[in-house]
Amino acid sequence: MRIYADNAATTKMSRTAIDAMLPYLETVYGNPSSLHTVGQEAKEALEDARTRIAALLGAAPREIYFTSGGSEADNQAIRSAAILGKRKGKTHIISTAFEHHAVLHTLKKLEKEGFTVTYLDVHENGLVTPEQVEAAITPETCLVTIMYANNEIGTIQPIRAIGAVCRKAGVLFHTDAVQAVGHIPVNVAEDNIDMLSLSAHKFHGPKGIGVLYAKRGIILSSLIEGGAQERNKRAGTENIPAIMGMAAAMEEAVRSLPETMPRVTALRDRLIAGLNEIPHGALNGDAKNRLPGNVNFCFEGIEGESLLLLLDDRGVCASSGSACTSGSLDPSHVLLAIGRPHEVAHGSLRLTLDASATEAEVDAIIAAVQEVVEYLRNMSPVWRELMNGERKFVID
Ligand SMILES: *Cc1c(COP(=O)(O)O)cnc(C)c1O
């Protein structure tokens, strides 16, 4: 038995996505910039994918730029807004302390280049408020960048209201929607979004392909110099097979939301209820405003890495939080941002379900986690101190 519960790290490609790619690997292999028939067939496919993806987001085709994934889209969105801001003498950016590293590291670089960044506090529930954003905006603010849904704790921000605040103040608003698209409804027009990043491999599409949406009128700067692809904003021959796989996967994921969202949410809540039975454990992030498939717990007296290895032995693929920080000994910046102390943040477990999950799998995960947590606690000196009263519990 193997249960894959790490869909926030990446997803298995869907049959639909693979089938949509094959013709572009086998027969329609042209370069869209070529003038001959083989090239022009590829060009037609490219523009067809652009139109379909735009429609799913409530955007216009010319507002869609293909990138190598979510990281590149985040980098380009933030860099572009910074360059536009600097031209007007505006060098202040607003974000949060628990963004993805593609955002945080870009902001850190900009700080070295003279920008000032306000990192809004996320409350204990993992949410920021539109009021916090409004209060942080100054006449120097050129960009607000706040993620749609968090990749570790799954909390969904009040994006529409934050977007409205930015619109009113005339400040550009970017959102990293990599965890949101294909998992909850996202519409750039209704949500007041100026720029948005998405990535195909988070919704059963291929890896290495994503989109930067930029509202008409926003002048992007290119990160990569070269040919005139993507209206001069992203050089490099387009990855047509991946783009076609992404369009198909996105259509499938977005169109099935009315069916998958309630079903996956019920499985998530079943998993949360089961893990809540474990003493001295707690759910991280708001219980309601969270992604349908996301469960993230802290268990006291547990070391996250051992928990993951023992779960893997029992056939459960899980994560301690972000795939990017696993292997490092630093506790998750997201858990620290919501106020979890270091020693508890080390004992975190993220389980992320997709629409293929079943009740039987959820029950098997619950049993495995209960068993492994008890086993590790019995061996843990920290747990002994907690039980003896030599150390205080952080989680009741
Ligand atoms: C996965 C992820 C990214 C990075 O996307 P890639 O396509 O892997 O570069 C960015 N932001 C969030 C929130 C993510 O979950």
Side-chain angles (χ1 to χ4, degrees), residues 4-13 17 53 64-79 95-108 119 122 126-128 145-157 159 162 174-184 186 191 193 195-213 223-224 234 236 239 242-243 245-247 249-250 253 284-285 289-296 318-327 332-335 337-338 348 350-354:
Y4 184 76
D6 198 14
N7 286 283
T10 197
T11 57
K12 179 183 171 177
M13 271 186 71
I53 289 171
I64 300 299
Y65 299 84
F66 293 116
T67 68
S68 67
S71 300
E72 184 186 329
D74 283 342
N75 274 255
Q76 189 169 13
I78 295 167
R79 278 271 157 206
S95 189
T96 75
F98 82 157
E99 297 298 309
H100 189 272
H101 283 136
V103 168
L104 284 182
H105 291 173
T106 306
L107 294 176
K108 290 285 172 231
Y119 298 95
V122 280
L127 296 169
V128 288
T145 174
I146 294 178
M147 70 200 319
Y148 210 120
N150 186 269
N151 48 304
E152 292 190 35
I153 59 174
T155 48
I156 301 168
Q157 302 299 337
I159 288 298
I162 292 172
H174 165 254
T175 185
D176 174 336
V178 172
Q179 291 288 338
V181 171
H183 299 273
I184 53 172
V186 173
D191 292 343
I193 294 165
M195 289 189 280
L196 171 145
S197 312
L198 66 84
S199 174
H201 76 99
K202 302 293 175 69
F203 51 75
H204 303 281
K207 294 169 182 57
I209 192 75
V211 162
L212 171 56
Y213 155 81
L223 299 176
I224 297 169
R234 208 287 184 175
N239 187 350
I243 290 169
M246 171 165 63
M250 192 164 154
N284 292 309
N289 291 315
R290 70 189 300 132
L291 290 169
N294 178 290
V295 174
N296 188 314
S319 154
S320 61
S322 160
C324 318
T325 47
S326 60
S332 143
H333 70 286
V334 172
L335 296 179
I338 62 167
S348 64
R350 180 185 72 182
L351 296 155
T352 41
L353 309 172
D354 71 0

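The first residue of the sequence shown is numbered 1, and numbering continues consecutively from there. Side-chain atoms are counted along with the backbone in the values below, which use heavy atoms only and exclude waters and symmetry mates. Just so you know, ligand 1 is whichever comes first in the structure, and atom 1 is the first atom listed for that ligand.
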Got a donor-acceptor contact below 3.5 angstrom from the Thr175 side chain to the Tyr148 backbone? yes
Under 4.0 Å to a heavy atom of Ser71 - the qualifying atoms of ligand 1, by number: 4 (C), 5 (O), 6 (P), 9 (O)
What protein heavy atom sits nearest atom 11 (N) of ligand 1, and how far off is it? Asp176 OD2, 2.6 Å
The test is side chain to side chain contact (heavy atoms under 4.5 Å, CB included); show your working for His204 and Asp354 and say whether it passes. CA-CA 9 Å; His204 303 281; Asp354 71 0; 3.1 Å; yes
Criterion side chain to side chain donor-acceptor pair (under 3.5 Å) on Asn75 and Thr106, from CA distance to verdict: CA-CA 6 Å; Asn75 274 255; Thr106 306; 3.2 Å; yes
Has the side chain of Thr155 got a donor or acceptor atom that lies under 3.5 Å from a matching backbone atom of Gly126? yes
Has ligand 1 got any nitrogen or oxygen that is less than 3.5 angstrom from a nitrogen or oxygen of Ser68? no
Name the closest protein heavy atom to atom 7 (O) of ligand 1, giving the residue it belongs to and the distance to 0.1 Å. Ser199 OG, 2.7 Å
Backbone of Glu152 reached by a side-chain donor or acceptor of Asn294 within 3.5 Å: yes
Atoms in ligand 1 with a heavy atom of His201 nearer than 4.0 Å: 6 (P), 7 (O), 8 (O)
N/O donor-acceptor pair under 3.5 Å between Arg234 side chain and Tyr65 backbone: no
Check: Gln179 N/O within less than 3.5 Å of ligand 1 N/O: yes
Out of all atoms in ligand 1, which are within 4.0 Å of some heavy atom of Gly69? Include the element for each. 7 (O)
Leu196 to His174 - nearest heavy-atom pair and separation: N-CD2, 4.0 Å
Would you mind finding which of Lys202, His100, Met147, Lys207 brings a heavy atom closest to atom 1 (C) of ligand 1? Lys202
What I want to know is whether Gly70 and ligand 1 share at least one N or O pair that is separated by under 3.5 angstrom. yes
